[in-house]
Engineer: 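The structure is given below, and queries will be raised subsequently.
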Amino acid sequence: MPILAFRLAAPEMLVDLKYVEGLDRIAIDKDGVTLGAKVRWCDIEADERLATAHPLLAEAIRHVAHYQIRNRGTVGGSLAHADPAAEMPGIAVTCDAVLTLAGPTGERQVAAAGFFEGALQTSLAADELITQVHLPAWPAARRWGFREFARRRGDFALAGIAAFYDVDPRGRAVDPHIGVIGASDRPRRLARAEAALSGKVVDSASIAEAAAAASAEVDPPSDIHAPADYRRALVATMVERALAHAAR
Amino acid sequence: MMKIEFEVNGKPVSVDVDPRLSLADCLRSELGLTGTHLGCEHGVCGACTVIVNGAAVRSCLMLAVQASGDSVVTVEGLSNDEALTPLQASFRKHHALQCGFCTPGMVTTAHALLTHEPDCDEDRVRDVLSGNICRCTGYVPIVEAVLDARAAYGSKGE
């Protein structure tokens with residue numbers, strides 16, 4: 001709707017999914033969490049299963065917009081909109097989510113990492129819609145953290161970090177995933193920051209290495225909200241705080 | 001044009017609207033309910049908050065046609081002719097408004113919150129009202145007014 005209000009787009013046709021049934025379910029099983037496209041932020045907030053089934057998702061969604069928007073905003077809408085600072089696309093990319101897209105010729109599955117092509121740009125075709133997004137199963141012992149910084153609670157983040165890793169018997173981080181929002185034209189994982197953490201015990205030294213790598217790895221824009229240098233520094237701080245939470 | 005039927009403040013309405021018309025513009029221009037205010041028109045300020053099927057939503061982020069079949073309550077629906085409602089009285093008592101532009105959105109949001117969560121605490125009130133911008137009051141009296149109105153919504157007290 002803001003896109004229309006700002007006259008950034010003038011679609012000839014809009015299709016309301018209000019009366020389409022079956023897209024509003026949160027399904028949780030051994031394979032993970034599947035969110036229907038019409039699942040609203042308030043539905044995720046109210047689903048107590050997610051505190052264990054996917055705590056990173058539950059925490060990130062607490063940061064989405066405001067009360068009135070959480071009552072109407074949906075998972076599918078956010079993914080299709082593809083705002084670079086939005087939480088849901090960030091979680092989808094960080095967690096290796098798979099989106100299901102439906103079109104006239106049937107359904108196709110797309111990895112979140114390949115779905116986002118730029119600010120407000122996705123690989124969704126004009127005659128397709130998102131029906132669901134699947135987040136792989138979440139091991140109970142997995143460590144995680146989510147931090148974002150916004151000027152006002154609920155506003156778009158100037159930068160945010162979602163991070164998780166598993167821990168081997170010797171306490172070292174296995175397969176760390178670190179994703180950034182708000183500091184690029186799309187949500188993305190930070191490979192160098194992940195490499196800086198991989199195989200290490202997560203402590204203040206390895207966190208500092210990962211934060212420095214993340215900061216060097218992003219090329220954020222300057223805009224009226226913050227210059228690029230500020231955002232780059234903010235990315236490091238968010239990595240530090242997210243990983244400190246994960247290692248608590 | 002599309003003909004839609006929905007309920008506004010308890011009364012059925014039928015209106016022919018352009019599919020592009022926002023619910024906020026429909027309420028104001030087509031139905032004459034100018035209590036719903038439009039500030040930013042892109043979902044940031046909260047002035048246009050109305051209650052759709054019991055949930056507080058931004059009427060600038062919703063097309064009128066999407067309200068087809070729904071029940072909409074505007075700030076006009078939260079007053080009566082005889083006397084101030086408890087929520088209105090609380091806003092008055094605590095000086096929770098000055099220019100009044102944001103007030104319809106504050107009142108509708110607070111009403112929806114207190115209806116669903118009459119025992120909400122100050123943190124929750126501040127969290128929920130964080131989506132409504134006020135340039136006069138500094139928010140403190142608004143939060144006090146909402147907290148003070150909880151009893152009228154069946155709060156069991158803290």
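Just so it is clear, the values below take in all heavy atoms, side chains as well, and ignore hydrogens, waters and symmetry mates. Labels below follow one simple rule: chain letters A, B, ... track the order of the sequence lines, proteins then strands, and each chain is numbered from 1.
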Engineer: Which atoms of B/I51 are under 4.5 Å from chain A, going by heavy atoms: the side chain, the backbone, both sets, or neither?
Structural biologist: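 Answer is neither: B/I51 stays 4.5 Å or more from chain A.
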Engineer: So which atom in B/A56 and which in A/N71 form the shortest heavy-atom distance, rounded to 0.1 Å?
Structural biologist: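 Closest heavy-atom pair between B/A56 and A/N71: O-ND2, 2.8 Å.
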Engineer: Which atoms of A/Y19 come close to chain B, meaning under 4.5 Å heavy atom to heavy atom: side chain ones, backbone ones, both, or neither?
Structural biologist: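 Side chain only.
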Engineer: Pick from A/L4, A/I3, A/D155: which one has the most heavy-atom pairs with chain B under 4.5 Å?
Structural biologist: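 Winner by heavy-atom pair count: A/L4.
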Engineer: Has A/R151 got more than 12 heavy atoms of other residues, nucleotides or ligands less than 6.0 Å from its CZ?
Structural biologist: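 Atom CZ in A/R151 is not packed in, count stays at 12 or less.
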Engineer: Is it true that, when you exclude A/R189 itself, more than 12 heavy atoms of the residues, nucleotides or ligands shown sit nearer than 6.0 Å to its CZ?
Structural biologist: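 Atom CZ in A/R189 is packed in, count exceeds 12.
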Engineer: Less than 4.5 Å to any heavy atom of chain A: does that hold for the side chain of B/T108, its backbone, both, or neither?
Structural biologist: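 Contact with chain A: none, neither part.
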Engineer: In the structure I gave you, are the side-chain heavy atoms of A/L14 and B/R20 within less than 4.5 Å of one another anywhere?
Structural biologist: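 No, every pair of side-chain atoms sits at 4.5 Å or beyond.
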Engineer: Could you tell me which of B/R126, B/E41, B/Q66 has the largest number of non-hydrogen atom pairs under 4.5 Å with chain A?
Structural biologist: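 Ranked by contacts with chain A, first place is B/Q66.
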Engineer: Partners of B/C26 by side-chain contact (heavy atoms from CB on, under 4.5 Å), sequence neighbours excluded?
Structural biologist: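 Listed in chain order: B/F6, B/V15, B/V17, B/L21, B/E30, B/L31, B/A64.
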Engineer: Counting only heavy atoms not in B/D18 (residues, nucleotides, ligands), do more than 12 fall under 6.0 Å from its CG?
Structural biologist: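 Yes, the 6.0 Å shell around CG holds more than 12 heavy atoms from other groups.
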Engineer: Using non-hydrogen atoms only, which part of A/R153 is less than 4.5 Å away from chain B: side chain, backbone, both, or neither?
Structural biologist: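 Contact with chain B is through both the backbone and side chain of A/R153.
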Engineer: Of the backbone (N, CA, C, O) and the side chain (C-beta and beyond), which part of B/V44 lies under 4.5 Å from a heavy atom of chain A, both, or neither?
Structural biologist: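 Backbone plus side chain of B/V44, per the 4.5 Å heavy-atom cut-off to chain A.
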Engineer: What parts of residues 39-68 of chain A touch chain B if we use heavy atoms and a cut-off under 4.5 Å?
Structural biologist: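 Under the 4.5 Å heavy-atom cut-off, A/H66, A/Y67, A/Q68 qualify.
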Engineer: Return yes when atom CZ of A/R152 has more than 12 non-hydrogen atoms of other residues, nucleotides or ligands closer than 6.0 Å, and no otherwise.
Structural biologist: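 Yes.
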Engineer: What residue in B/G43, B/G46, B/G69, B/S68 has the most heavy-atom pairs under 4.5 Å with chain A?
Structural biologist: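 Highest number of pairs under 4.5 Å: B/S68.
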Engineer: Using a 4.5 Å cut-off on heavy atoms from C-beta on, say whether the side chain of B/M62 contacts that of A/R72.
Structural biologist: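 Side chain of A/R72 against side chain of B/M62, heavy atoms only: contact under 4.5 Å found.
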Engineer: Only pairs of heavy atoms separated by less than 4.5 Å count here; which of B/V65, B/V128, B/L63, B/V52 has the most with chain A?
Structural biologist: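 Highest number of pairs under 4.5 Å: B/V128.
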Engineer: Pick one of side chain, backbone, both or neither for B/T49, based on which atoms fall under 4.5 Å of a heavy atom in chain A.
Structural biologist: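 Contact with chain A involves the side chain of B/T49 alone.
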Engineer: Of the backbone (N, CA, C, O) and the side chain (C-beta and beyond), which part of B/C60 lies under 4.5 Å from a heavy atom of chain A, both, or neither?
Structural biologist: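 When you check distances to chain A, only backbone atoms of B/C60 fall under 4.5 Å.
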